[in-house]
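Here you go, one structure.
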Amino acid sequence: MKNLEVLPLISGVCCILGGLGVVLHTNPINKIIMLALLEIGMIGLIVSSYYLDIAIISSICEPICTIILLLGYMKYLTTIKKKKKFGRDLPVLSK
Amino acid sequence: MDLVQYILYLGYALLIIGTLGAILGPKVEDPLIRFLNVEVPSIGVALIFLTYDEDLALMTFIAVNAILSLILIRALILKEKYESE
Amino acid sequence: MDEIVVSILKMLVAGAICWINFVIIDTYFGLPEQPGVLGAKMIGEKVKDIGGNLHGGYFMGNIVCSPDASAGTLLASIMNYLMGVEGGLITALLVWIGNRLCADPGYAGTIGALTITAIISLLKPIIEPKYFVAGMVLAIFTIQGLDHKHASLLLGKIAKKMNRGE
Amino acid sequence: MDILEIVIGAVALLMTLRIFLERSRARKLLYLCCLSFCISALIALYVKSPMGGITAIVYFITSTLSSNAIAYTIEQTKHIE
């Protein structure tokens, strides 16, 4: 443990706490914030082994993944709300 | 402890946490929450790729992961939509 | 032991310079007046709910949602540490591109980067550029990380004194 | 280890713990912004070459983009829930 620098130590703490946080939280937006923390840890570990080009590619792909998850969450939420509203109305209409 | 061993053990820890969390985590009956738990072991796999110096595999894995999440979340929305009709 | 005290003193002085630089530039370009994007409005209202000031909350939300003079200060001091004066100009270009991606006019970021480049090139014989990197982290820690209520009250008072925001 | 890296590392460790323990969603974003400042400074102090500076700039701008999207979604879904 004595020949490690500061960046790998911080990134390791980010990875472990982010992984526990994604599993333990139950609201999807909280889970996505914790996923951002986990990806911060992964980028730090990639940089600390000097793969700088892969770090650039990875940090460009991270907001794309986040935006896809957020758009999907909004669509999913509106679908569930619409299903609940129809579920109350539809038997009345079909009678 | 060496840097390589440190990253390797970190990747194993993320794999174990993520797999157990996807099976018996809290409120896992909702498919969106289970899908978000599955993202954790994929980052563990990326760290293990990093340990064995597979740089091309790591780059491909990270890029494909973004596209894969698009397909899976589209499938979830379609399932909810077909169940409501 | 004497060396450590001197380096901590240099870091604190550099932090004070960075704090004054980015707060004045951001307030002058009207960050506390209105939220630039929709997310900054939500953060300002949440900060107001815990007892802070609304305009200080808009300031903090605008820092989170787009790279402003704070990001310009940090990145320009990084590139000055690594490349010299040319790095500051490259940073101004890249921060402007990032600002346009976040749907912002982008004057605050570039002017912040150019100002800190001028300050660093003036002060280079006394304080080396790597102290500015750590000083900027301490400066952003006092605003975003320490205590949101009192920080937003202080920012609101500064905005009122400079006639930006009520 | 340098004294500057130790100070920045202490700030980053404190921010990580406060993100994990905070209840409100909007204030987690403020702590996340401070953490990405710290990591960007640590990358530049660790690599010490111009390519490291480019990596730090690209990382910081894209992390800002991601937190912008999260804040926008919190505002949008407040009316639905």
Side-chain angles (χ1 to χ4, degrees), chain A residues 1-5 8-9 11-13 15-16 18-28 30-32 34-35 38-39 41-43 45-46 48-49 51 53-54 57-73 75-80 82-87 90, chain B residues 1-4 6-7 9-11 13-18 20-22 24-28 30-33 35-41 43-44 46-47 49-51 53 55-56 58-74 76-81 83-85:
Chain A
M1 196 54 82
K2 67 185 174 204
N3 23 357
L4 282 182
E5 293 277 335
L9 283 175
S11 309
V13 174
C15 274
I16 292 295
L20 283 177
V22 171
V23 171
L24 291 181
H25 284 84
T26 52
N27 194 344
N30 276 336
K31 286 170 107 71
I32 290 174
M34 284 297 166
L35 201 64
L38 187 56
E39 303 229 356
M42 186 186 72
I43 292 171
L45 284 177
I46 291 175
S48 67
S49 52
Y51 281 134
D53 47 352
I54 301 176
I57 294 287
S58 162
S59 57
I60 287 176
C61 280
E62 188 244 1
I64 296 176
C65 185
T66 308
I67 287 173
I68 288 172
L69 287 177
L70 288 169
L71 287 178
Y73 169 61
K75 193 85 180 296
Y76 185 75
L77 205 61
T78 49
T79 311
I80 284 182
K82 205 184 291 177
K83 192 175 77 173
K84 269 183 188 167
K85 214 171 14 176
F86 277 166
L90 215 57
Chain B
M1 193 187 290
D2 206 1
L3 179 65
V4 176
Y6 178 69
I7 299 177
Y9 289 147
L10 221 51
L14 280 186
L15 266 179
I16 293 171
I17 290 174
L20 287 182
L24 35 88
K27 279 194 185 177
V28 86
D30 194 355
L32 184 69
I33 289 179
F35 168 63
L36 284 177
N37 280 346
V38 172
E39 293 281 321
V40 181
I43 292 184
L47 288 186
F49 276 150
L50 178 64
T51 308
D53 279 342
D55 48 355
L56 200 60
L58 178 60
M59 200 161 66
T60 318
F61 187 75
I62 291 170
V64 163
N65 220 348
I67 306 171
L68 199 65
S69 69
L70 175 65
I71 297 173
L72 277 176
I73 211 160
R74 184 82 184 128
L76 282 183
I77 294 171
L78 279 184
K79 168 182 163 293
E80 288 296 325
K81 197 178 288 181
E83 275 186 356
S84 71
E85 285 174 358

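In the text below, chain A, chain B and the rest are named by the order of the sequence lines, each starting its count at 1. Please read all numbers here as calculations on a predicted model, not as lab measurements.
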* Asked: What do you reckon, is NZ of B:Lys79 surrounded by more than 12 foreign heavy atoms closer than 6.0 Å?
  ->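 Counting other residues, nucleotides and ligands, NZ of B:Lys79 exceeds 12 neighbours.
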* Against chain A, work out which of B:Leu47, B:Leu20, B:Leu32 has the most heavy-atom pairs shorter than 4.5 Å and name it. => B:Leu32
* Who among B:Leu10, B:Leu72, B:Asn65, B:Ile67 has the most heavy-atom pairs with chain A under 4.5 Å? -> B:Leu10
* Shortest non-hydrogen separation from A:Pro28 to B:Leu36 and the atoms involved -> O-CD1, 4.1 Å
* **Residue selection (most heavy-atom pairs with chain B, distance under 4.5 Å) from A:Ile64, A:Leu45, A:Ile57** =>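 Option with the top pair count is A:Leu45.
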* **Shortest non-hydrogen contact between B:Val28 and B:Ala22, atoms and distance** =>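 For B:Val28 versus B:Ala22, the nearest heavy atoms are CG2-O, 3.6 Å.
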* To do: Answer whether the closest heavy-atom distance between the side chains of A:Glu39 and A:Thr66 falls below 4.5 Å.
  => no
* Asked: What part of B:Leu70 gets closer than 4.5 Å to chain A, counting heavy atoms only: side chain, backbone, both or neither?
  -> both
* To do: With the side chain counted from C-beta on, respond yes when A:Glu62 and A:Cys65 share a heavy-atom pair under 4.5 Å apart, and no when they do not.
  => no
* Which residues pass the ring-ring contact (aromatic ring centres under 6.0 Å, His included) test with B:Phe49, sequence neighbours left out? -> B:Phe61
* **Minimum-distance pair of heavy atoms, taken over all atoms of A:Tyr73 and B:Ile73** =>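 Minimum heavy-atom separation between A:Tyr73 and B:Ile73: N-CD1, 4.4 Å.
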* **When A:Gly12, A:Ser11, A:Cys61 are compared by non-hydrogen pairs under 4.5 Å with chain B, the top option** => A:Gly12
* To do: Look at A:Ile32, A:Val22, A:Leu20 and state which one has the largest set of heavy-atom pairs under 4.5 Å with chain B.
  =>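 Max contact count across the listed options: A:Val22.
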* Asked: Where does A:Ile60 contact chain B at under 4.5 Å (heavy atoms): side chain, backbone, both or neither?
  -> neither
* Asked: Using a cut-off of under 4.5 Å for heavy-atom pairs, which of B:Leu76, B:Leu58, B:Ile43 has the most such pairs with chain A?
  ->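 Answer, by heavy-atom pair count under 4.5 Å with chain A: B:Ile43.
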* To do: Could you tell me whether the side chain of A:Lys31 and the main chain of B:Asn37 form a donor-acceptor pair under 3.5 Å?
  =>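 No, A:Lys31 side chain to B:Asn37 backbone: no donor-acceptor pair under 3.5 Å.
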* Asked: Can you say whether B:Leu14 sits under 4.5 Å from chain A via the side chain, the backbone, both, or neither, judging by heavy atoms?
  ->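 Side chain of B:Leu14 only, per the 4.5 Å heavy-atom cut-off to chain A.
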* Name the region of A:Leu35, side chain, backbone, both or neither, that has any atom closer than 4.5 Å to a heavy atom of chain B. => side chain
* **Segment of A:Thr26 engaging chain B (4.5 angstrom heavy-atom cut-off)** => both
* Asked: So which part of B:Ile7 gets closer than 4.5 Å to some heavy atom of chain A, the side chain, the backbone, both or neither?
  -> side chain
* To do: Apply side chain to side chain donor-acceptor pair (under 3.5 Å) to B:Asp30 and list each qualifying residue two or more places apart in sequence or on a separate chain.
  => A:Tyr76
* Asked: Among B:Gly25, B:Gly21, B:Pro26, who wins on heavy-atom pairs under 4.5 Å with chain A?
  ->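 So the answer, after comparing B:Gly25, B:Gly21, B:Pro26, is B:Pro26.
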